[in-house]
Structures are given as C-alpha cells and as structure tokens.
**Student:** 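Quick one: structure below, then a few questions.
Computed from a predicted model, the values in this text were never measured in an experiment.
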Amino acid sequence: CNDKDVVKEMQLGLDTIDRFIAIVPEANINFIDYKIRGALLMKLGKDSLGLLEWEKAASMNETAAKELTLEIAKSYYKMKKYDKAIEMYLKRQAIVSLTLPELYNMGQCYYAGPKNFKEADILFAQVAALSPTYAPAYLWRARSNFQMDLKNELWLAKPHYAKVLEIVVGDDRKKDSNKKMVIESAKYMGNYFASSAEKDKAKVLECFQIVYDLDPNDVQAKQILGIK
C-alpha cells in the first residue's frame, strides 16, 4: 500500500461522506459526520477546509464542542491564525474550565495576534496562580507588561522578571530550556538597577554576572563587567 493508494482511499472516503451528507435529511446528520469529513480533508492537506468542518461539528451541541474546540484552537494556533484560536478557546471556556496549557496558549494568542497585552497578562497570571513555580508564566507576564510600558516609565515588568530569577536558580539556569529566559530577565533587572529610582551598582554587576556566566560572549555583560 503506497502513498498514492492511501490518498486514493481517503478521497474515496471523502466522496462517500459527501454523497451521504447530500442525500440524508439535515436533522439526521451527526456532528461525527462533519468531524470525519474534516479529518479526511486535513489528511488530504486541506487544513483550512477541514477545520471549517470541525467548527461546523463543534457548533452542533455541547458534546461536540467539548470534544473538538481544543483541537481546532491548537490547529489555528499552529497556523498563526490567532484570532480564530482565541474564538475557539473562548467557546471552550464557556463550557469547561480551561487547563493550564490551554490558558497559557490562549495568553500567547492574545500576545501574538491582536496584541492585547492586558488580556494576555491576565491569562498568564492565572497560569502562575495555578502553578506558582512555572517560570514561563512569569516570563510572559514580564513581556506583556513590558509591551504596556515600552519606555520603562513604570517598570511594570520588574516584579515578573525578578520572579523568574527567584524561581530558576543554580544549575537549572544552565538548562537549554531556561538559559534564554534567565538572560532576558537578568538583563532587564540589570537595567532596572542601573536606570530606575532604585539604583544599585552592586546589583547591576550581580545581574550582568548572571548573564556573563551563561553567555561569556555577551557584549553588554562584558562591557558592564569590564571584561575584554
């Protein structure tokens, strides 16, 4: 059975369900019929059309919505159709409590799509409340707040970047999954202690030492630490 045969089989399946939908009274069509049609379209590379079928299925009843809204939202997120992903997460939120990963992804949709940084911050705060030691929640709270305070007039991102450095300590900072996050946080905090009303040269050096220890080639860290 080669790829051409598989495609042919899926096309036959799609043709069959299309005939079924065409002749059966609408009242007798179940959400599963639209779900199957959507899945076949996606397997044939027609993702957008397939997702429209899944949306149609999800709108039929609560059972369908519970089953399909998450997969639709995740698919739109991967396609960078953030507004559509948000729409699905909101539909899902109306019938079930969103999990931590769902809240986190929804926050990223608000951040990247409509750039609603306030709503993104609210969602990342919910993630942090559910999982107080999950550092990425504070990182994204920091980024969201920075976007609302680009000139650092209020230093809104400060408590969140500080929290990242409080949570991620020791050898954990060297992990690939944490390194960039820690460097970003330490640089912001270094700039805070250099430029805010809370000036503290020792803390500036401490923050940029963190950066240098993780990235000895960082130009700003070397300059501030006086390393050539």
Side-chain angles (χ1 to χ4, degrees), residues 73-74 77 82 85-86 89-90 92-93 97-225 227:
K74 283 160 68 176
Y77 176 79
Y82 300 116
I86 289 166
Y89 278 123
L90 289 173
R92 184 168 182 78
Q93 197 171 37
S97 295
L98 297 186
T99 63
L100 188 150
E102 288 164 22
L103 289 167
Y104 183 77
N105 285 346
M106 191 177 174
Q108 292 206 316
C109 288
Y110 273 109
Y111 185 95
K115 302 195 186 305
N116 185 338
F117 302 117
K118 190 170 185 179
E119 191 59 40
D121 182 45
I122 288 167
L123 287 159
F124 292 128
Q126 288 177 34
V127 174
L130 286 167
S131 184
T133 57
Y134 185 59
Y138 301 101
L139 175 71
W140 283 98
R141 285 208 73 188
R143 288 174 173 174
S144 299
N145 278 275
F146 178 70
Q147 290 295 332
M148 294 187 278
D149 181 31
L150 289 169
K151 293 181 180 177
N152 288 324
E153 291 168 341
L154 301 172
W155 296 95
L156 293 179
K158 185 250 181 181
H160 311 299
Y161 277 126
K163 192 73 177 173
V164 172
L165 295 180
E166 181 189 316
I167 290 171
V168 187
V169 294
D171 286 342
D172 281 348
R173 289 180 174 176
K174 296 174 186 173
K175 289 180 180 174
D176 288 341
S177 56
N178 293 333
K179 195 182 288 187
K180 285 183 180 178
M181 171 168 55
V182 170
I183 288 172
E184 181 180 325
S185 302
K187 281 191 171 190
Y188 182 94
M189 292 304 297
N191 291 332
Y192 171 80
F193 288 119
S195 308
S196 73
E198 204 181 330
K199 284 187 174 66
D200 187 326
K201 190 176 179 181
K203 286 186 177 176
V204 173
L205 295 174
E206 187 183 316
C207 289
F208 280 96
Q209 187 65 51
I210 291 170
V211 176
Y212 179 77
D213 288 345
L214 293 172
D215 181 8
N217 296 315
D218 188 278
V219 175
Q220 189 184 12
K222 285 168 76 175
Q223 186 180 1
I224 287 167
L225 296 170
I227 297 168

**Student:** If we ignore hydrogens and angles and just use 3.5 Å, is the side chain of Arg173 paired with the main-chain N or O of Asn178 as donor and acceptor?
**Tutor:**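 Looks like no, no N/O pair under 3.5 Å.
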**Student:** I'd like a table of donor-acceptor pairs (distance under 3.5 Å, sequence neighbours excluded) in which one partner is a side-chain atom from residues 122-137, with atom names and distances.
**Tutor:**
none

**Student:** Sorted by first residue and then second, give each ring pair (Phe, Tyr, Trp, His ring centres under 6.0 Å) pair with at least one member in residues 194-224; sequence neighbours left out.
**Tutor:**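 Sorted pair list comes back empty.
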**Student:** Just verifying a value: how many Å separate Lys163 NZ and Leu139 CG, rounded to the nearest 0.5 Å?
**Tutor:**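 Rounded to the nearest 0.5 Å, the NZ-CG separation comes to 14.5 Å.
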**Student:** Evaluate the side-chain proximity of Ile167 to Met181: yes if any heavy-atom separation is below 4.5 Å, no if none is.
**Tutor:**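 Answer no - side chains too far apart.
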**Student:** For Lys118, give me all partners under salt bridge (charged side-chain N to carboxylate O under 4.0 Å, His left out), at least two apart in sequence or on another chain.
**Tutor:**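 Expected list: none.
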**Student:** Applying side chain to side chain donor-acceptor pair (under 3.5 Å), can you list everything that pairs with Glu206, at least two apart in sequence or on another chain?
**Tutor:**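 Listed in chain order: nothing, the list is empty.
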**Student:** So, for Val182 and Leu214, which heavy atoms are closest and what is the spacing to 0.1 Å?
**Tutor:**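 Nearest pair, atom of Val182 first, then Leu214: CG1-CD1, 3.6 Å.
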**Student:** How many angstroms lie between CG in Leu205 and CG in Asp200, if you round to the nearest 0.5 Å?
**Tutor:**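 Going from CG on Leu205 over to CG on Asp200, the span is 9.0 Å.
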**Student:** Tell me every residue that passes ring pair (Phe, Tyr, Trp, His ring centres under 6.0 Å) with Tyr161, counting only those two or more places apart in sequence or in another chain.
**Tutor:**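 Only Tyr188 meet the ring pair (Phe, Tyr, Trp, His ring centres under 6.0 Å) criterion with Tyr161.
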**Student:** Measuring from Ile224:CD1 to Lys201:NZ, what's the distance to the nearest 0.5 Å?
**Tutor:**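 Nearest 0.5 Å value for the CD1-NZ distance: 11.0 Å.
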**Student:** Taking only residues two or more places apart in sequence or in another chain, which ones pass side chain to side chain donor-acceptor pair (under 3.5 Å) with Asn116?
**Tutor:**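 With sequence neighbours excluded, Asn116 shows a side chain to side chain donor-acceptor pair (under 3.5 Å) to no residue whatsoever.
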**Student:** How long is the span from the CE atom in Met148 to the CG atom in Leu154, to the nearest 0.5 Å?
**Tutor:**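 Between Met148 CE and Leu154 CG, I get 10.5 Å after rounding to 0.5 Å.
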**Student:** Checking Lys199 against Val204 for the side-chain contact (heavy atoms from CB on, under 4.5 Å) test, could you report, in this order, the C-alpha distance in whole Å, the side-chain angles of both residues, the deciding distance, and whether it holds?
**Tutor:** CA-CA 8 Å; Lys199 284 187 174 66; Val204 173; over 6 Å; no
**Student:** Can Met189 and Leu165 be said to form a side-chain contact (heavy atoms from CB on, under 4.5 Å), step by step?
**Tutor:** CA-CA 9 Å; Met189 292 304 297; Leu165 295 180; 3.9 Å; yes
**Student:** Can you list everything that forms a side chain to side chain donor-acceptor pair (under 3.5 Å) with Lys187? Sequence neighbours excluded, please.
**Tutor:**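 Expected list: Asp218.
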**Student:** Please report, to 0.1 Å, the donor-acceptor pairs under 3.5 Å made by any side chain of residues 105-112, with sequence neighbours excluded.
**Tutor:**
unit_1: Gln108; atom_1: OE1; unit_2: Tyr77; atom_2: OH; d: 2.7

**Student:** For Lys174, enumerate each residue passing the salt bridge (charged side-chain N to carboxylate O under 4.0 Å, His left out) test, keeping only those at least two apart in sequence or located in another chain.
**Tutor:**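 Per chain and number, Lys174 pairs via salt bridge (charged side-chain N to carboxylate O under 4.0 Å, His left out) with Asp171.
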**Student:** Please name all residues satisfying side chain to side chain donor-acceptor pair (under 3.5 Å) with Glu198, sequence neighbours left out, ordered by chain then number.
**Tutor:**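 Result, side chain to side chain donor-acceptor pair (under 3.5 Å) vs Glu198: Tyr192.
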**Student:** Which residue pairs pass the salt bridge (Lys or Arg N to Asp or Glu O under 4.0 Å) test with at least one member in residues 140-153, sequence neighbours excluded?
**Tutor:**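 Every salt bridge (Lys or Arg N to Asp or Glu O under 4.0 Å) pair that includes a residue of residues 140-153, provided the two are not neighbours, is Asp121-Arg141, Arg143-Glu184.
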**Student:** Sequence neighbours left out, what passes side chain to side chain contact (heavy atoms under 4.5 Å, CB included) with Ser195? Give chain and number order.
**Tutor:**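 So Ser195 forms a side chain to side chain contact (heavy atoms under 4.5 Å, CB included) with Trp155.
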